[in-house]
Amino acid sequence: MSKKILFLTGDAVEVLEVYYPYYRVLEEGYEAVIASPTKKVLRTVVHDFVEDWETYTEKPGHLLPSHVAFADVDPSQFDGLIIPGGRAPEYIRSSEDVPRILRHFLEADKPVGAICHGAQVFAALKDRTLFEGRTLTAYNACRLDVEALGATYTTDTLHVDGKLVSGHAWPDLPGFMREFLKLLA
């Protein structure tokens, strides 16, 4: 039976951080399911780095249909979880269904990938013991979010800690997906 990967996201997801992993999962022959707060067509954004800016720029991206609402997700039906970045993580983490979904993947020790701002979603979990002794990376502006989890932040652009793969930003997607897919094999 084909493996099934859940994508946890919403409006303002970074376009490369959702489309690249989505198509890589499909390319491997796995089923890819995009979940969002409500089942709808999501609006993605394009983040880019500009030399003279101290942060990134943002422009509208492509439309992306989600397949299922968070409330309808049965995480036991999935083999892995990917959390793309962008601005989506800052608001989806407040969904009442997100802790239930996250807890399942972390406690069942299934592969979890979080890239860029995706690590912000982990703040939905009140139980910080799930991150004690763990090391993650994320976009540098998310360092305080990672440390607030009780995890160690690394400046490495790609990090694997057990079944948890984290990446700094979209330029790190090739390594991020390589490591995530290794964990699924």
- [ ] May I ask you to say whether Glu28 pairs ionically with Arg24, meaning some side-chain N is under 4.0 Å from a carboxylate O?
- [x] yes
- [ ] Would you check if Ile5 and Glu31 make a side-chain contact, meaning some heavy-atom pair closer than 4.5 Å?
- [x] no
Open item on the list: Under the criterion side-chain contact (heavy atoms from CB on, under 4.5 Å), I'd like the reasoning laid out for Asp72 against Lys39: C-alpha separation, chi angles, the key distance, then a yes or no.
Closed with: CA-CA 10 Å; Asp72 298 322; Lys39 183 179 173 184; over 6 Å; no
Open item on the list: Rounded at 0.5 Å granularity, tell me how far OG1 in Thr157 sits from CZ in Phe176.
Closed with: 12.0 Å
Open item on the list: Can you tell me how the ring of Tyr19 sits relative to the ring of Tyr23, calling it parallel under 30°, perpendicular over 60° and tilted otherwise?
Closed with: parallel
TODO: Taking all heavy atoms of Ile101 and all of Leu8, pick out the closest pair and write down the distance.
DONE: CD1-CD1, 4.1 Å
TODO: Identify the two heavy atoms, one from Phe70 and one from Thr9, that lie closest to each other, and give their separation to 0.1 Å.
DONE: CZ-O, 3.4 Å
Open item on the list: Walk me through whether Asp97 and Val73 qualify under side-chain contact (heavy atoms from CB on, under 4.5 Å).
Closed with: CA-CA 9 Å; Asp97 294 292; Val73 169; over 6 Å; no
TODO: State plainly whether one hydrophobic cluster holds both Tyr20 and Val112, where clusters connect Ile, Leu, Val, Met, Phe, Trp and Tyr through side-chain heavy atoms under 4.5 angstrom apart.
DONE: no
Open item on the list: Rounded at 0.5 Å granularity, tell me how far CZ in Phe131 sits from CG in Asp161.
Closed with: 10.5 Å
Open item on the list: Test your reading of the model: is there a side-chain donor-acceptor pair from Trp170 to the backbone of His47, 3.5 Å cut-off?
Closed with: yes
- [ ] Please say whether more than 12 non-hydrogen atoms of neighbouring residues, nucleotides or ligands are located less than 6.0 Å from OH in Tyr91.
- [x] yes
TODO: Please name the pair of heavy atoms, one in Ala119 and one in Leu149, separated by the smallest distance, quoted to 0.1 Å.
DONE: O-CD1, 4.4 Å
- [ ] Please report the shortest heavy-atom distance between Asn140 and His168, naming the atom on each side.
- [x] N-NE2, 3.4 Å
Task: hydrophobic_cluster_shared for Leu6 and Val18, side chain cutoff 4.5 Å - done: no
Task: Closest non-hydrogen atom pair between Ala138 and Cys116, with its separation - done: CB-O, 3.3 Å
Task: Any donor-acceptor N/O pair, Lys110 side chain to Phe78 backbone, under 3.5 Å - done: yes
Task: Thr152 OG1 to His159 NE2 distance, which is reported to the nearest 0.5 Å - done: 8.5 Å
Open item on the list: Would you say Leu64 ends up clustered with Leu81 if hydrophobic residues are merged whenever their side chains have heavy atoms under 4.5 Å apart, either directly or through other cluster members?
Closed with: no
- [ ] State which residue, out of Ile83, Val146, Leu130, fulfils the side-chain contact (heavy atoms from CB on, under 4.5 Å) condition with Phe122.
- [x] Ile83
Open item on the list: Is it true that, when you exclude Arg100 itself, more than 12 heavy atoms of the residues, nucleotides or ligands shown sit nearer than 6.0 Å to its CZ?
Closed with: yes
TODO: Using a 4.5 Å cut-off on heavy atoms from C-beta on, say whether the side chain of Ile82 contacts that of Glu17.
DONE: no
Open item on the list: When you compare the side chain of Val46 with that of Thr57, does any pair of heavy atoms fall below 4.5 Å?
Closed with: no
TODO: Measure from the side-chain N and O atoms of Thr44 to the backbone N and O of His62, and report whether any donor-acceptor pair falls under 3.5 Å.
DONE: yes
- [ ] Compare all side-chain heavy atoms of Leu173 with those of Pro21 and state whether any distance is below 4.5 angstrom.
- [x] yes
Task: SB check Asp11 Lys40 (cutoff 4.0 Å) - done: yes
Task: Pro37 backbone acceptor or donor facing Ser95 side chain under 3.5 Å - done: no
Task: Phe7 to Ala32 - nearest heavy-atom pair and separation - done: CE1-CB, 3.8 Å
Open item on the list: Checking the side chain of Asp79 only, and the main-chain atoms of Lys4 only, is there a donor and an acceptor separated by less than 3.5 Å?
Closed with: yes
Open item on the list: Strictly distance-based, threshold 3.5 Å: is any side-chain N or O of Arg93 a donor or acceptor partner for the main-chain N or O of Glu90?
Closed with: yes
Open item on the list: Quick one, Met177 and Val25 - any side-chain contact, counting heavy atoms below 4.5 Å?
Closed with: yes
Task: Candidate pair Asp172 and Thr137, rule side-chain contact (heavy atoms from CB on, under 4.5 Å), full reasoning - done: CA-CA 11 Å; Asp172 307 305; Thr137 192; over 6 Å; no
Task: Single-linkage hydrophobic cluster, 4.5 Å side-chain cutoff, Tyr22 and Val13 together - done: yes
- [ ] Pick out which of His117, Glu14, Glu58, Gln120 makes a side chain to side chain donor-acceptor pair (under 3.5 Å) with Arg87.
- [x] Glu58
Open item on the list: Using the rule given for side-chain contact (heavy atoms from CB on, under 4.5 Å), can you reason through Leu136 versus Tyr153, listing the C-alpha separation, both sets of side-chain angles and the distance that settles it, and then say yes or no?
Closed with: CA-CA 5 Å; Leu136 290 92; Tyr153 177 83; 6.0 Å; no
- [ ] Give the cluster check for Val121 versus Val15: same hydrophobic cluster or not, with ILVMFWY residues linked at side-chain heavy-atom distances below 4.5 Å.
- [x] no
Task: Under 3.5 Å: donor-acceptor pair, side chain of Ser2, backbone of Gly29 - done: yes
Open item on the list: If I take atom CZ from residue Phe180 and atom OG from residue Ser166, how far apart are they, to the nearest 0.5 angstrom?
Closed with: 12.5 Å
- [ ] For the residue pair Asp156 and Thr135, establish whether any side-chain heavy-atom pair is separated by less than 4.5 Å.
- [x] no
